[in-house]
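So the structure is just underneath, and the comments pick up after that.
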Amino acid sequence: MFDMTPKNSDNDLGLTGSREDDFETKSGAEAQHERHENSILKSDNDKLRAENNRYKDALNNATCPNCGGPAAIGEMSFDEQHLRIENARLREEIDRISAIAAKYVGKPLLTHSSSSFPQLTSSHHIPSRSLDLEVGNFGNTNNSQTGFLGDMYGTSDIMRSVSIHNDADKPMIVELAVAAMEELVRMAQTGDPLWVSSDSAVEILNEEEYFRTFPRGIGPKPLGLRSEASRESTVVIMNHINLVEILMDVNQWSSVFCGIVSRALTLEVLSTGVAGNYNGALQVMTAEFQVPSPLVPTRENYFVRYCKKHSDNTWAVVDVSLDSLRPSPITRNRRRPSGCLIQELQNGYSKVTWVEHTEVDDRSVHTMYKPLVNTGLAFGAKRWVATLDRQCERLASSMASNIPAGDLSVITSPEGRKSMLKLAERMVMSFCSGVGASNAHAWTTLATAGSDDVRVMTRKSMDDPGRPPGIVLSAATSFWIPVAPKRVFDFLRDENSRSEWDILSNGGLVQEMAHIANGRDPGNSVSLFRVNSANSGQSNMLILQESCTDASGSYVIYAPVDIMAMNVVLSGGDPDYVALLPSGFAILPDGSSRVNASAGAEGGGDGNNLEVVTSTASNCGSLLTVAFQILVDSVPTAKLSLGSVATVNSLIKCTVERIKAALACDGA
């Protein structure tokens, strides 16, 4: 029977001899590949089983941290569960930001879960790399990330010499930024016992509670440094998206806060954010902060700035110092987590809560300014918030289109308003570059100025359409006057009293030709004055003036301008080619009415009663800084004469004496 059954041959299956060999070879390779995969899966399974057994052993052998005895899983406290969940979330965020940053540093970053971070004291460093990145999708086509003041007047070698350390340090920067964000949010939202209210309604940071709440951070306070901590909230007329853009764009940031930020530079962008916005943006920066007086040393900081969007439509931007990554024999100041929370409100408004927390060696501050600095009014949150609020009002005014034509001097043309405000903005920024103690710009301080209380600097102006060519002298001096800041401000900005102190107007009649109100306070305005000379042989002169005031201080800044150039500006023309040399005044409260209330507070407090300090009812005096920029020679290559320095010294001293005499008579 079996013999009668035919056998299938190779030809019956349709296979030749060579094809049969190929089929057997492929089948053998697939089987070998499957065995290899099975071996890998078995190995992974064994590893997971072993890891599972280790976790079981760890749980079985867990001990109570209080008594040392065995602990049941169910005995874990709610706080411990919350901390473990929070810790896991922080690790996930570090891993996520590290992954984002890895795209820009050229190599993968180690995650928190896979390795330990290097110590902050690592001394290895490499030069910073230019990443040529645009910040998000906000149209910043300028690859240079230097602040506006740094672009105009140069950035010091010290600022540019600061560099990112090696790639191994970057995960540490990410971890510091994430921890700083958590700290900022809690500092902004937590009340007692972290912030204690005093009898004078000033919030004071409880340092013991602070270090108990935030044991990690950037370490203990170095010896010789004094703590300054303040918190302030306000509602500003700007949406949260634009506010975040201002804070994350170094050019806009240094422009809006030009009275505080004397120079700024973005050293490296680790992340531009995700989803077309600044959420997750991370950048390493250096900046110098100033008070408008040559008697208060500037504060330079090297820090990382981190932006994050929270789930409740609240954005947060935080800075934390990275000075430990930069070799420095002496630490003069550190920036603990500082920044702001921005909460979206209706109708384009935002609520801003600002926290400033620094540690500084301020022993070189002049005695006259110590009360102001010690109470936190010079560098504290009150000043940042007040400046932001005023600048938001200014920007809203520049975009206004429904201006009533009730006064002939009011500029109603939108193009003319925008051009004139842009010119005034450049004038203010130029003034701020020469009024403080910063030497970062293209000014050279003269060692033998001939006067101990007048700081004189010089610069050569060449190929700058915004300045007249030649040698420019900048002279600044500060003095105390026993008159309330508001009265000093009203006196200096009033064109009717200008002849009492302005030597250059030579007693001529001052008349306002154009006016732009740029804030709720009537003192916030830009004006164009005509000085009708008393001497018929002299031509009339135009003066552009901006006066601004807020709870932290006031400015009156002015500059002579060309008549033909201003006609172009008022018609909406480009204001960048109008040559300006600004002069003016910075008026600050002397801090005397808050010294007793804040003694021993180490600068804590948000300054809720600062309005009393700046009002006419206050019994405090004013700290007045006078600064002039004068063209002493129209030839840039000419040598500076001592006679020119003496003339400028004499001019500024004569102006000071006239102001003192006029205000003394006014007060009497």
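Positions are given from 1, in the same order as the sequence printed here.
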Item to check | Distance-only polar pair, side chains of Asn333 and Asn301, donor-acceptor under 3.5 Å | outcome: yes

Checklist entry - Using a distance-only test with no angle check, is there a side-chain donor-acceptor pair under 3.5 angstrom linking Thr298 and Glu288? => result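 Checked: Thr298/Glu288 side chains pair up, N/O donor to acceptor below 3.5 Å.
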
Measuring only between side-chain heavy atoms, which start at C-beta, is [X] closer than 4.5 Å to [Y]?
{"X": "Ser499", "Y": "Val510", "value": "no"}
{"X": "Asp562", "Y": "Val578", "value": "no"}
{"X": "Leu528", "Y": "Val561", "value": "yes"}
{"X": "Val296", "Y": "His366", "value": "no"}
{"X": "Trp195", "Y": "Ile204", "value": "no"}
{"X": "Val472", "Y": "Leu631", "value": "yes"}
{"X": "Met429", "Y": "Ser254", "value": "no"}
{"X": "Ile557", "Y": "Ser583", "value": "no"}

Item to check | Chi angles and distances behind the side-chain contact (heavy atoms from CB on, under 4.5 Å) call for Val250, Leu265 | outcome: CA-CA 7 Å; Val250 68; Leu265 179 67; 5.9 Å; no

Check: [Y] main-chain N/O paired with [X] side-chain donor or acceptor under 3.5 Å:
{"X": "Ser547", "Y": "Gly523", "value": "yes"}
{"X": "Arg417", "Y": "Ser397", "value": "yes"}
{"X": "Ser230", "Y": "Ala381", "value": "yes"}

Item to check | Candidate pair Met427 and Leu544, rule side-chain contact (heavy atoms from CB on, under 4.5 Å), full reasoning | outcome: CA-CA 9 Å; Met427 177 182 68; Leu544 176 67; 4.2 Å; yes

Checklist entry - Should Phe628 and Leu581 be marked as a side-chain contact (heavy atoms from CB on, under 4.5 Å) after you check the CA-CA gap, both sets of side-chain angles, and the distance that decides it? => result CA-CA 8 Å; Phe628 290 156; Leu581 283 179; over 6 Å; no

Item to check | Pairs where residues 641-650 contributes a residue and the test salt bridge (charged side-chain N to carboxylate O under 4.0 Å, His left out) is met, not counting sequence neighbours | outcome: none

Next on the checklist: So, using ring pair (Phe, Tyr, Trp, His ring centres under 6.0 Å) as the criterion, who are the partners of Phe489 when residues are at least two apart?
Outcome noted: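 If we apply the ring pair (Phe, Tyr, Trp, His ring centres under 6.0 Å) test to Phe489, skipping adjacent residues, there are no hits.
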
Checklist entry - Residues in ring pair (Phe, Tyr, Trp, His ring centres under 6.0 Å) with Phe585, at least two apart? => result Trp501

Please list, one pair per line, the donor and acceptor atoms closer than 3.5 Å that link side chains of residues 635-644 to other protein atoms, with sequence neighbours excluded.
residue : atom : partner : partner atom : Å
Ser641  : OG   : Ser644  : N            : 3.3
Ser641  : OG   : Ser644  : OG           : 2.8

To the nearest 0.5 Å, how far apart are [atom1] in [X] and [atom2] in [Y]?
{"X": "Glu495", "Y": "Leu509", "atom1": "CD", "atom2": "CG", "answer": "9.5 Å"}
{"X": "Lys653", "Y": "Leu651", "atom1": "NZ", "atom2": "CG", "answer": "12.5 Å"}
{"X": "Arg487", "Y": "Leu492", "atom1": "CZ", "atom2": "CG", "answer": "11.5 Å"}
{"X": "Ile543", "Y": "Asp502", "atom1": "CD1", "atom2": "CG", "answer": "5.5 Å"}
{"X": "Thr655", "Y": "Lys660", "atom1": "OG1", "atom2": "NZ", "answer": "12.0 Å"}
{"X": "Asn496", "Y": "Gln511", "atom1": "CG", "atom2": "CD", "answer": "10.5 Å"}

Partners meeting salt bridge (charged side-chain N to carboxylate O under 4.0 Å, His left out) with [X] (sequence neighbours left out):
{"X": "Glu359", "value": "Arg334, Arg336"}
{"X": "Asp576", "value": "Lys422"}
{"X": "Asp362", "value": "Arg226"}
{"X": "Arg520", "value": "Asp389, Glu393"}

Does [X] pair with [Y] as a salt bridge, N-O distance under 4.0 Å?
{"X": "Asp490", "Y": "Lys486", "answer": "yes"}
{"X": "Arg383", "Y": "Glu356", "answer": "no"}
{"X": "Glu300", "Y": "Arg263", "answer": "yes"}

Nearest non-hydrogen partners of [X] and [Y], listed with the distance:
{"X": "Ser622", "Y": "Val488", "answer": "OG-CG2, 3.8 Å"}
{"X": "Leu623", "Y": "Pro589", "answer": "CD1-O, 3.8 Å"}
{"X": "Phe257", "Y": "Leu247", "answer": "CE1-CD2, 4.3 Å"}
{"X": "Thr375", "Y": "Gly591", "answer": "CG2-O, 4.3 Å"}
{"X": "Leu243", "Y": "Leu388", "answer": "CD2-CD1, 3.9 Å"}
{"X": "Ala662", "Y": "Phe491", "answer": "CB-CZ, 3.5 Å"}

Checklist entry - Stepwise, does the side-chain contact (heavy atoms from CB on, under 4.5 Å) test hold for Ser338 with Arg335? => result CA-CA 7 Å; Ser338 303; Arg335 193 166 173 80; 3.9 Å; yes

Next on the checklist: With salt bridge (Lys or Arg N to Asp or Glu O under 4.0 Å) as the test, pick out the partner of Glu546 among Arg426, Arg493, Arg394.
Outcome noted: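 Of all the options given, the one that passes is Arg394.
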
Checklist entry - Hey, which of Glu203, Glu232, Glu228 is the one that makes salt bridge (Lys or Arg N to Asp or Glu O under 4.0 Å) with Lys382? => result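 For Lys382, the salt bridge (Lys or Arg N to Asp or Glu O under 4.0 Å) test succeeds with only one of Glu203, Glu232, Glu228, which is Glu232.
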
Item to check | Contacts of Cys548 that satisfy side-chain contact (heavy atoms from CB on, under 4.5 Å) - sequence neighbours left out | outcome: Arg390, Asn524, Tyr555

Checklist entry - Who passes side-chain contact (heavy atoms from CB on, under 4.5 Å) against Ser527, sequence neighbours left out? => result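 For Ser527 the side-chain contact (heavy atoms from CB on, under 4.5 Å) partners, ignoring immediate neighbours, are Glu512, His515, Ser525, Phe529.
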
Checklist entry - Under the side-chain hydrogen bond (donor to acceptor under 3.5 Å, both in side chains) rule, what pairs show up with a residue in residues 626-635, not counting sequence neighbours? => result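 Non-adjacent pairs meeting side-chain hydrogen bond (donor to acceptor under 3.5 Å, both in side chains): Arg467-Gln629.
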
Checklist entry - Under 6.0 Å from the CZ atom of Arg299, do we count more than 12 heavy atoms belonging to anything else shown? => result yes

Please table the atom pairs, donor to acceptor, closer than 3.5 Å between any side-chain atom in residues 474-481 and protein atoms at least two apart or in another chain.
residue : atom : partner : partner atom : Å
Thr477  : OG1  : Asp453  : O            : 2.6
Ser478  : OG   : Ser293  : OG           : 2.7
Ser478  : OG   : Tyr369  : OH           : 3.4
Ser478  : OG   : Thr625  : OG1          : 2.7
Trp480  : NE1  : Asp590  : OD2          : 2.9

